[in-house]
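Single-structure report; data block below.
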Amino acid sequence: MAPDLYTSLFEKKEKKKAGLPDLPESGNGVVMRFAPNPSGPLHLGHARAAFLNDEYIRRYGGRYILRIEDTDPKRVDPEAYDMVREDIEWMELSISSTVFQSDRFSKYYEVGKELISNGHAYVCRCDNEVFKDLKMHKAACPCRSQSTEEALELFDQMLEGAFAEGEVGVRLKTDLSHPDPAMRDYPLFRVLTSTPHQRVDAIVYPLMNLSVAVDDHLLGMTHVIRGKDHIANTRRQEFIFRYMGWKPPVYRHYGRMGIEGVVLSTSQMRAGIQSGEYSGWDDIRLGTLRAMARRGIKPGAVRNAVVEIGIGETDIQFSWENLYAKNKEIIDAGADRFFFVPDPVLVPVSGSGPVIAEAMRYPGDESRGYRSIPFDGSVYLPGSELASGAPFLRLKDLFNIRIFYDGDNIRAEYAGDDLQEARSKKAPIIQWLSKEHAHPCTL
RNA sequence: GCUGAUAUAGUGUAGUCCGGCCAAUCAUGUCGGCCUUUCACGCCGACGACUGGGGUUCGAAUCCCCAUAUCAGCACCA
């Protein structure tokens with residue numbers, strides 16, 4: 001008998017560790033990135049990507065690169081550069097360095113030329129509709145058969161401005177018979193002259209699949225976490241990695257996230273602001289981080305929420321309920337208490353001169369101190385309490401009162417200071433406000 | 001139309017890869033209780049889910065097929 005065999009039967013499964021799942025190939029630290037497009041302020045969707053990456057960098061160590069993806073001048077809002085920076089500061093991300101794609105066009109051109117030189121890309125002058133039709137039928141366009149010399153010459157002409165906007169593009173030769181039409185000979189570069197770029201003087205612009213693949217390689221990304229709307233792009237970018245002989249990063253794609261009742265689309269938000277429907281980017285009906293900050297949400301609450309949501313591929317509709325619960329964990333201990341009287345009714349109280357009530361700022365913790373509430377002869381009481389016809393009440397931190405109902409006429413009279421009496425009579429202890437000390441508010 | 005992905009309580013989430021220890025985890029929520037000169041926090045308890053249908057198997061949340069629903073891509077956007 002071999003006792004070793006016996007013990008192996010009782011090996012138990014690895015118990016899972018709390019929080020996010022481990023990433024493969026993370027042993028020597030990771031390099032990850034947060035790559036927003038500066039088209040507006042950051043919103044909850046951005047925060048998910050930003051915090052997930054941040055959490056993994058904190059877990060494994062490494063570098064966190066902020067990459068501003070401003071390769072489409074039509075989608076760049078000059079003010080967004082600052083807004084994005086502010087939002088990132090608010091999130092307290094552990095960013096190691098920042099790069100702007102608009103500073104890196106020469107690198108994109110270099111890789112573009114190399115792809116062309118190796119016969120992996122060509123300059124296409126077909127009409128869009130014509131190309132689309134050919135693509136859907138798995139057919140090559142005439143440009144695809146051009147020689148590399150010809151293609152390089154055409155690319156140089158593009159860079160020199162020989163072509164008008166919309167007239168040409170550079171396409172990657174992928175696989176025209178690929179079952180997924182989205183993979184077939186997708187574009188790498190375009191000519192764009194109608195909208196000047198804020199930060200770079202260019203005629204030829206890289207498209208995201210080229211610029212992202214180049215930068216993910218050049219900046220040494222080990223892992224990329226992004227939304228599943230990029231799944232197709234990941235597969236497209238893998239063609240570039242393969243053609244260039246680069247090792248691709250480990251990819252993870254999480255599902256789409258919404259939060260009930262708010263708009264997360266930057267373009268929809270912008271339209272709403274322009275039409276006057278929203279007061280600005282921080283309108284609390286929007287899902288921007290600045291709007292959430294106005295709601296009193298702390299960045300740590302958003303972080304904890306998105307980490308708990310994790311990197312699942314399921315589309316979710318998150319609820320404010322859960323986010324507020326996370327927020328309460330953070331702010332409750334630091335929040336002083338005040339009295340609140342819903343549906344207030346002013347009731348005169350006879351039998352007591354002016355006194356000043358002392359209420360603890362944070363019940364249960366005397367070190368937080370007291371606040372003073374002067375009683376001046378009448379108090380606001382909650383309408384629901386009076387509607388119940390309660391005859392005897394304890395005004396918290398003040399005294400007991402007896403209530404007299406005479407139709408709509410309600411008055412009260414002082415009925416002693418004894419808390420024990422109130423308790424023995426099971427009198428409700430209620431929050432109150434004095435007339436001069438109250439501030440109207442809406443919840 | 002083509003391609004791909006996802007489907008666990010009101011909400012979010014674990015378990016799915018490697019079927020049995022899952023009469024399904026945790027949080028949030030709702031309700032009740034305790035604590036407390038209110039509210040909250042904290043503590044205790046209750047409620048509440050494997051999308052549907054076939055199949056494989058002694059056994060299916062887990063594997064296979066079909067259906068349904070949702071999402072994404074098929075842009076000279078990111």
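In this text, all values refer to a predicted model and were calculated from it rather than measured experimentally. Just so we're on the same page: letters track the sequence lines, and every chain starts at 1. Below, all heavy atoms of this structure are taken into account, side chains as well, without hydrogens, waters or symmetry copies.
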Does [X] have a side-chain nitrogen or oxygen under 4.0 Å from the phosphate oxygens OP1 or OP2 of [N]?
X: K135(A); N: A75(B); answer: yes
X: R256(A); N: A72(B); answer: yes
X: S319(A); N: U28(B); answer: no
X: N322(A); N: U11(B); answer: no
X: R236(A); N: G73(B); answer: no

Which part of the nucleic acid does [X] contact within heavy-atom distance under 4.0 Å: base, sugar-phosphate only, or nothing?
X: P206(A); value: sugar-phosphate
X: P363(A); value: base
X: I316(A); value: sugar-phosphate
X: G166(A); value: base
X: D72(A); value: sugar-phosphate
X: H253(A); value: nothing
X: V168(A); value: base
X: S39(A); value: nothing

For residues 257-269 of chain A, which residues have at least one heavy atom under 4.0 Å from RNA chain B?
none
Find out whether [X] and [Y] are in side-chain contact, i.e. whether some heavy atom of one side chain is under 4.5 Å from a heavy atom of the other.
X: K74(A); Y: S194(A); value: yes
X: E69(A); Y: P36(A); value: no
X: N53(A); Y: R33(A); value: no

According to side-chain hydrogen bond (donor to acceptor under 3.5 Å, both in side chains), who are the partners of T148(A), at least two apart in sequence or on a separate chain?
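Checked T148(A) against side-chain hydrogen bond (donor to acceptor under 3.5 Å, both in side chains); zero matches.
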Which residues satisfy the side-chain hydrogen bond (donor to acceptor under 3.5 Å, both in side chains) test with R144(A), sequence neighbours excluded?
D185(A)
Give the rounded distance in Å between these two atoms: [atom1] of [X] and [atom2] of [N].
X: E313(A); N: U8(B); atom1: CD; atom2: P; value: 14 Å
X: R33(A); N: A78(B); atom1: CZ; atom2: P; value: 13 Å
X: F318(A); N: U13(B); atom1: CZ; atom2: P; value: 8 Å
X: K132(A); N: C76(B); atom1: NZ; atom2: P; value: 9 Å
X: R184(A); N: G4(B); atom1: CZ; atom2: C1'; value: 13 Å
X: D180(A); N: A5(B); atom1: CG; atom2: P; value: 10 Å
X: E69(A); N: A78(B); atom1: CD; atom2: C1'; value: 7 Å
X: M360(A); N: U37(B); atom1: CE; atom2: C1'; value: 8 Å

Listing time: all N or O pairs from protein to nucleotides 41-46 of chain B that are below 3.5 Å?
residue: C41(B); atom: OP1; partner: K328(A); partner atom: NZ; Å: 3.1
residue: C41(B); atom: O4'; partner: D332(A); partner atom: OD2; Å: 3.3

Here's a test of your reading of the structure: between I309(A) and H178(A), which maps to the more 5' nucleotide of RNA chain B?
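Its nucleotide being nearer the 5' end, the pick is H178(A).
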Assign each of I231(A) and E321(A) the nucleotide of RNA chain B bearing its closest heavy atom; nearer the 5' end lies the nucleotide of I231(A)
Donor-acceptor under 3.5 Å ([X] side chain, [Y] main chain):
X: R48(A); Y: G310(A); answer: yes
X: T266(A); Y: S39(A); answer: no
X: H43(A); Y: L264(A); answer: yes

Examine [X] relative to [Y] and say whether NZ or CZ is less than 6.0 Å from the centre of the six-membered ring and inside a 45° cone about the ring axis.
X: R236(A); Y: Y186(A); answer: yes
X: R295(A); Y: W320(A); answer: yes
X: R361(A); Y: Y370(A); answer: no
X: R226(A); Y: F34(A); answer: no

Go through the N and O atoms of the side chain of D315(A) and the base of U6(B), and report whether any donor-acceptor pair is under 3.5 Å.
no
Would you state whether a donor and an acceptor, one from the side chain of Q317(A) and one from the base of G12(B), lie under 3.5 Å apart?
no
Reference residue F399(A); test ring pair (Phe, Tyr, Trp, His ring centres under 6.0 Å); the match among F392(A), W432(A), Y414(A)
Y414(A)
Parallel, tilted or perpendicular: rings of F189(A) and Y109(A) (30°, 60°):
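The rings of Y109(A) and F189(A) sit tilted, inter-plane angle from 30° to 60°.
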For a salt bridge (charged side-chain N to carboxylate O under 4.0 Å, His left out) check, start with the C-alpha distance between E308(A) and K326(A), then their side-chain angles and the critical distance, and finish with the verdict.
CA-CA 10 Å; E308(A) 188 172 289; K326(A) 291 291 173 200; 2.7 Å; yes
Secondary-structure notation, RNA chain B, from Watson-Crick and G-U pairs under 3.5 angstrom (| other strand)
(((((((..(((.......[.....)))((((((.......))))))...(((((..]....))))))))))))....
Using the ring centroid of each side chain, check whether Y205(A) and Y108(A) are separated by less than 6.0 Å.
no
N/O to N/O distances under 3.5 Å, protein versus nucleotides 63-68 of chain B:
none

